[in-house]
Asker: 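One structure coming up, written as structure tokens, with questions to follow.
Treat the numbers as computed from the prediction; the structure is a model and nothing was measured. Chain letters run A, B, ... following the sequence lines, proteins first, then strands; residues in each count from 1.
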Protein chains: 2
Amino acid sequence: MYSNIMIRLTPQKLTELVAERGLKMTPQRRAIVECLAATRVHPTADEVFMDVNRRFPMTSRATVYNTLNLLIDAELVNIIEESGVKRFDPNLEPHHHFICSTCGMVEDVEATDRLETTMLNTGGHQVESMQITLRGTCALCFEVKND
Amino acid sequence: MYSNIMIRLTPQKLTELVAERGLKMTPQRRAIVECLAATRVHPTADEVFMDVNRRFPMTSRATVYNTLNLLIDAELVNIIEESGVKRFDPNLEPHHHFICSTCGMVEDVEATDRLETTMLNTGGHQVESMQITLRGTCALCFEVKND
DNA sequence: TCATGATATTAGAATACATCTAAAAATGGA
DNA sequence: TCCATTTTTAGATGTATTCTAATATCATGA
Ligand SMILES: [Mn+2]
Ligand SMILES: [Mn+2]
Ligand SMILES: [Zn+2]
Ligand SMILES: [Zn+2]
């Protein structure tokens with residue numbers, strides 16, 4: 001379903017980030033990155049917090065938020081906002097998203113060359129990124145609805 | 001710059017909404033809708049609150065939020081989330097957005113037929129809408145940066 | 001017109017998510 | 001191992017939004 005050449009945040013990338021910024025490697029940072037690297041569900045900060053605490057209790061929310069913001073700043077994770085919460089995306093491959101209006105599920109949608117070459121008139125602004133969000137009803141919710 | 005056939009929220013549409021839902025027409029609702037109908041800046045709830053209060057003091061935040069949510073629910077305004085705040089969009093014409101990473105300005109970008117006919121593989125989900133967000137540096141911020 | 005019941009508005013409390021603080025703990029190089 | 005520096009922590013604070021319940025307004029029809 002997913003190609004294994006997908007560009008992703010990995011624990012190795014954390015090591016590089018820590019090295020090049022003169023930061024320190026800590027179990028919390030490693031646990032947060034391992035959690036992100038292992039998931040495709042675009043977790044919220046709180047979901048990361050709960051997941052990390054399952055394996056490494058007493059990790060604080062502040063550390064989770066600090067680390068997530070560090071990774072955002074280093075462009076090793078992307079951020080998606082939906083219904084007032086931020087979701088974190090470790091998939092670095094340019095891609096888009098489908099969001100289910102019923103269950104809130106966020107799924108990756110492969111980017112096509114056709115759509116990347118934007119024909120949009122952007123009124124003289126410098127465009128640096130393009131993100132497409134598709135909304136609708138996911139296959140599962142659609143099935144449930146027509147039970 | 002903007003076509004005048006643009007589909008927009010109008011005070012008349014509020015009147016229809018109020019009628020078909022058995023709601024009441026109030027000065028607050030009218031003022032909020034007039035504020036939205038007159039702007040192209042995609043205001044936040046607080047910006048609507050302040051604008052409405054300039055002409056109609058003592059309007060509460062609760063009423064602004066209630067009315068905005070009523071309009072969202074009736075699909076007479078759309079919502080854009082950016083940096084943890086919701087922005088409200090009375091432009092009902094299908095269109096996209098450019099967001100300046102420097103000043104936060106949100107500007108409409110015309111939708112093209114070419115891009116509307118999505119070629120994306122959506123994994124069997126029912127797609128109901130598609131929204132493109134372009135990010136970058138607006139012309140003004142770019143000019144300031146190269147002063 | 002006025003009374004009545006339904007709906008809307010209000011100020012402020014409550015909630016949710018995120019950031020900040022400052023004291024304690026952990027890290028890694030000398 | 002020591003120590004300066006960085007990180008973590010619990011809880012406080014901030015910010016955006018929703019909730020509450022008392023009061024005000026509206027619209028209907030007697
Ligand atoms: Mn993704
Ligand atoms: Mn718009
Ligand atoms: Zn769903
Ligand atoms: Zn700008």
Asker: Would you call B:Arg21 and B:Asp73 a salt bridge, using N to O less than 4.0 angstrom?
Answerer: yes

Asker: Atom CD of A:Gln28 and atom C1' of C:dA25: how far apart are they, to the nearest Å?
Answerer: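 In whole Å, C:dA25 C1' lies 10 Å from A:Gln28 CD.
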
Asker: Take B:Ala62 and B:Gly84, find for each the nucleotide of DNA chain D with the closest heavy atom, and name the residue whose nucleotide sits nearer the 5' end.
Answerer: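 Here B:Gly84 is the residue nearer the 5' end.
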
Asker: What's the CD-P distance between B:Glu81 and C:dC17, to the nearest Å?
Answerer: 12 Å

Asker: Using whole Å, what does the distance between atom P of nucleotide D:dT28 and atom CG of B:Leu23 come to?
Answerer: 13 Å

Asker: Between B:Arg30 (CZ) and C:dA8 (C1'), how many Å, whole number?
Answerer: 14 Å

Asker: Taking the side chain as everything from C-beta on, heavy atoms only, tell me whether A:Thr137 gets closer than 4.5 Å to A:Lys145.
Answerer: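 Yes. Closest side-chain heavy atoms under 4.5 Å.
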
Asker: Return no unless some side-chain N or O of A:Ser60 is found under 4.0 Å from OP1 or OP2 of D:dT8.
Answerer: no

Asker: Output the rounded distance in Å from CZ (A:Arg87) to P (C:dA16).
Answerer: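 Result: 16 Å.
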
Asker: With heavy-atom distances below 4.5 Å as the criterion, would you say the side chains of A:Leu23 and A:Arg29 are in contact?
Answerer: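 In short, these two side chains touch, coming nearer than 4.5 Å.
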
Asker: Tell me what A:Asn69 touches on the nucleic acid: a base, only sugar-phosphate, or nothing, going by heavy atoms under 4.0 Å.
Answerer: sugar-phosphate

Asker: Any base atoms under 4.0 Å from A:Arg61, or only sugar-phosphate, or nothing? Heavy atoms, all strands.
Answerer: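 It contacts nothing in the nucleic acid.
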
Asker: Should A:Glu107 and A:Cys138 count as side-chain neighbours, where that means a heavy-atom distance under 4.5 Å?
Answerer: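 Answer no - side chains too far apart.
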
Asker: Tell me the interatomic distance from B:Met50, atom CE, to D:dA16, atom P, rounded to whole angstroms.
Answerer: 10 Å

Asker: Should we count CD of A:Glu20 as having more than 12 external heavy atoms under 6.0 Å?
Answerer: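 More than 12 within 6.0 Å, yes.
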
Asker: Please list, pair by pair, any protein nitrogen or oxygen found under 3.5 Å from a nitrogen or oxygen in nucleotides 23-26 of chain D.
Answerer:
| residue | atom | partner | partner atom | Å |
| --- | --- | --- | --- | --- |
| D:dC26 | O2 | B:Lys24 | NZ | 3.1 |

Asker: Could you tell me if the side chain of A:Asn78 sits less than 4.5 Å from the side chain of A:Ile72, heavy atoms only?
Answerer: no

Asker: Which label fits A:His125 and B:Phe98: parallel for a plane angle under 30°, tilted from 30 to 60°, or perpendicular past 60°?
Answerer: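 Ring orientation, 0 to 90° scale: parallel.
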
Asker: A:Thr59 near the nucleic acid: base, sugar-phosphate alone, or nothing, with a heavy-atom cut-off under 4.0 Å?
Answerer: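 A:Thr59: backbone/sugar contact only, no base atoms under 4.0 Å.
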
Asker: Report the nucleotide, chosen from D:dT18, C:dT9, C:dA18, that has the shortest atom-to-atom distance to any side-chain atom of A:Lys86.
Answerer: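 In terms of side-chain proximity for A:Lys86, the closest of D:dT18, C:dT9, C:dA18 is C:dA18.
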
Asker: Round to the nearest Å and state the distance from A:Leu68 atom CG to D:dT7 atom C1'.
Answerer: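 My rounded result for the distance is 15 Å.
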
Asker: Please determine, for the side chain of B:Val85, which listed nucleotide (C:dC20, C:dT9, D:dA16) has the closest atom?
Answerer: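 Side chain of B:Val85 sits closest to D:dA16.
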
Asker: Please report, rounded to the nearest Å, how far the C1' atom of D:dT7 is from the CD1 atom of A:Ile32.
Answerer: 11 Å

Asker: As a test of reading the structure: which of D:dA16, C:dA8, D:dT9 is closest to the side chain of B:Tyr65, going by heavy atoms?
Answerer: D:dA16

